[in-house]
A.B. asks: 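I am attaching a structure below and will ask some questions about it afterwards.
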Amino acid sequence: MEKVLPDFNTLVRLKEQGLTDSQIGARYGVVYQAVNKALTEGGYYHQAVSREAIDKAIPWTVKRSAEAGSHHNSYLGKAVMAYLRVAMGDDKVKDSHRVAAKRLRTRLLRDTKVIDYDSESKDGFKLVDREEGDGDLIFRWPADRALPEGGILDAITLSDV
């Protein structure tokens, strides 16, 4: 027998009646993850910004590893990740990440800096003086990389965070 969820509007009504995803799933013979997925795809829940989306916004391959020396775990690397999550509209961002994003934006504007990356350096990410060719981007965009479009371009363009 095929397990079928009701239409999106019915799911929303059940949520508004106070049922959990698990309770709705039990009612229709599916796991709570199926209910959560249907509600997320329909726009009821907002997803966190994925690692893939952040990777598309960064023009370099960032050194990531479980051990020390991972560039995405450096002080500036964490600030960059926080900035991108906030700029991409992640509504699950912690308040401390919002503060870090705002501090990074303030520093980029105040000190007329952009973010560059050196895969061979200890920390990877670094702030460098903004040049005319940088425009309003937060990154020193490599000449051999095409700029992204849409929401990703908006996220890497200095914006109100």
A.B. asks: If you define the side chain from C-beta out and look only at heavy atoms, does anything of V62 sit under 4.5 Å from F125?
C.D. replies: yes
A.B. asks: Rounded to the nearest 0.5 Å, how far does NZ of K63 lie from NZ of K122?
C.D. replies: 10.5 Å
A.B. asks: Take L39 and V12, measure what side chain to side chain contact (heavy atoms under 4.5 Å, CB included) needs, and give me the verdict at the end.
C.D. replies: CA-CA 8 Å; L39 288 166; V12 171; 4.3 Å; yes
A.B. asks: Quick check: do R85 and H97 have side-chain heavy atoms less than 4.5 Å from each other?
C.D. replies: yes
A.B. asks: Shortest non-hydrogen contact from S121 to G124?
C.D. replies: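 Looks like OG-N, 3.0 Å.
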A.B. asks: Which heavy atom of Q23 sits nearest a heavy atom of T20, and at what distance?
C.D. replies: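 Minimum heavy-atom separation between Q23 and T20: OE1-N, 2.8 Å.
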A.B. asks: I'd like to check D7 versus L11 (side-chain heavy atoms, cut-off strictly below 4.5 Å). Are they in contact?
C.D. replies: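 No, every pair of side-chain atoms sits at 4.5 Å or beyond.
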A.B. asks: Should the pair D21-K15 be classified as a salt bridge under the 4.0 Å nitrogen-to-oxygen rule?
C.D. replies: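 Looking at D21 and K15, the cut-off is met.
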A.B. asks: Take H71 and D123 through the side chain to side chain contact (heavy atoms under 4.5 Å, CB included) test and state the conclusion after the steps.
C.D. replies: CA-CA 5 Å; H71 292 158; D123 293 324; 5.5 Å; no
A.B. asks: Can you find a heavy atom in the side chain of V128 that is under 4.5 Å from one in the side chain of I115?
C.D. replies: no
A.B. asks: Decide if atom OH of Y32 counts as having more than 12 heavy atoms of other residues, nucleotides or ligands within a radius under 6.0 Å.
C.D. replies: no
A.B. asks: Please find the pair of heavy atoms, one from A57 and one from I152, that lie closest to each other, and give the distance.
C.D. replies: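 Scanning both residues, the minimum pair turns out to be CA-CG2, 3.6 Å.
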A.B. asks: Would a 4.5 Å heavy-atom cut-off, applied to side chains only, mark T61 and S119 as touching?
C.D. replies: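 Side chain of T61 against side chain of S119, heavy atoms only: no contact under 4.5 Å found.
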A.B. asks: Tell me, do K78 and N73 make a side-chain contact under 4.5 Å, heavy atoms counted?
C.D. replies: yes
A.B. asks: V30 and V4: side chain to side chain contact (heavy atoms under 4.5 Å, CB included), yes or no, with the steps?
C.D. replies: CA-CA 8 Å; V30 298; V4 179; over 6 Å; no
A.B. asks: Distance from L127 atom CG to D116 atom CG, nearest 0.5 Å?
C.D. replies: 9.5 Å
A.B. asks: Please tell me whether V114 and L153 are part of a single hydrophobic cluster in this structure, the criterion being side-chain heavy atoms less than 4.5 Å apart.
C.D. replies: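 Each belongs to a different hydrophobic cluster.
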A.B. asks: Yes or no on side-chain hydrogen bond (donor to acceptor under 3.5 Å, both in side chains) for T10 and R13, after CA distance, side-chain angles and deciding distance?
C.D. replies: CA-CA 5 Å; T10 301; R13 272 196 307 278; 3.2 Å; yes
A.B. asks: Less than 4.5 Å apart, side chain to side chain, heavy atoms only: is that true for I54 and Y83?
C.D. replies: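 Not in contact.
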A.B. asks: For a side-chain contact (heavy atoms from CB on, under 4.5 Å) with R27, tell me which candidate from V35, L5, L19 qualifies.
C.D. replies: L19
A.B. asks: Any side-chain heavy atom of V80 within less than 4.5 Å of one from L84?
C.D. replies: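 The answer is yes, as the side chains (C-beta and beyond) meet within the 4.5 Å cut-off.
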A.B. asks: Just by distance, do the side chain of R130 and the backbone of K113 share a donor-acceptor pair under 3.5 Å?
C.D. replies: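 Yes; judged by distance alone, with no hydrogens or angles, the pair exists.
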A.B. asks: Could you measure the distance from the CD atom of Q33 to the OG atom of S22? Nearest 0.5 Å is fine.
C.D. replies: 8.0 Å
A.B. asks: Quick one: pull up CD1 in I156 and CE in M88 and give me the separation to the nearest 0.5 Å.
C.D. replies: 8.5 Å
A.B. asks: Compare every heavy atom of A100 with every heavy atom of A82, then report the nearest pair and how far apart it is.
C.D. replies: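 Heavy atoms of A82 and A100 come nearest at CB-CB, 4.3 Å.
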A.B. asks: Would you give me the side-chain donor-acceptor pairs under 3.5 Å for residues 132-143, sequence neighbours excluded?
C.D. replies:
unit_1, atom_1, unit_2, atom_2, d
D134, OD1, R140, NE, 2.8
D134, OD2, E131, N, 2.7
D134, OD2, R140, NE, 3.3
D134, OD2, R140, NH2, 2.9
R140, NH2, D129, O, 2.6
W141, NE1, R145, O, 3.0

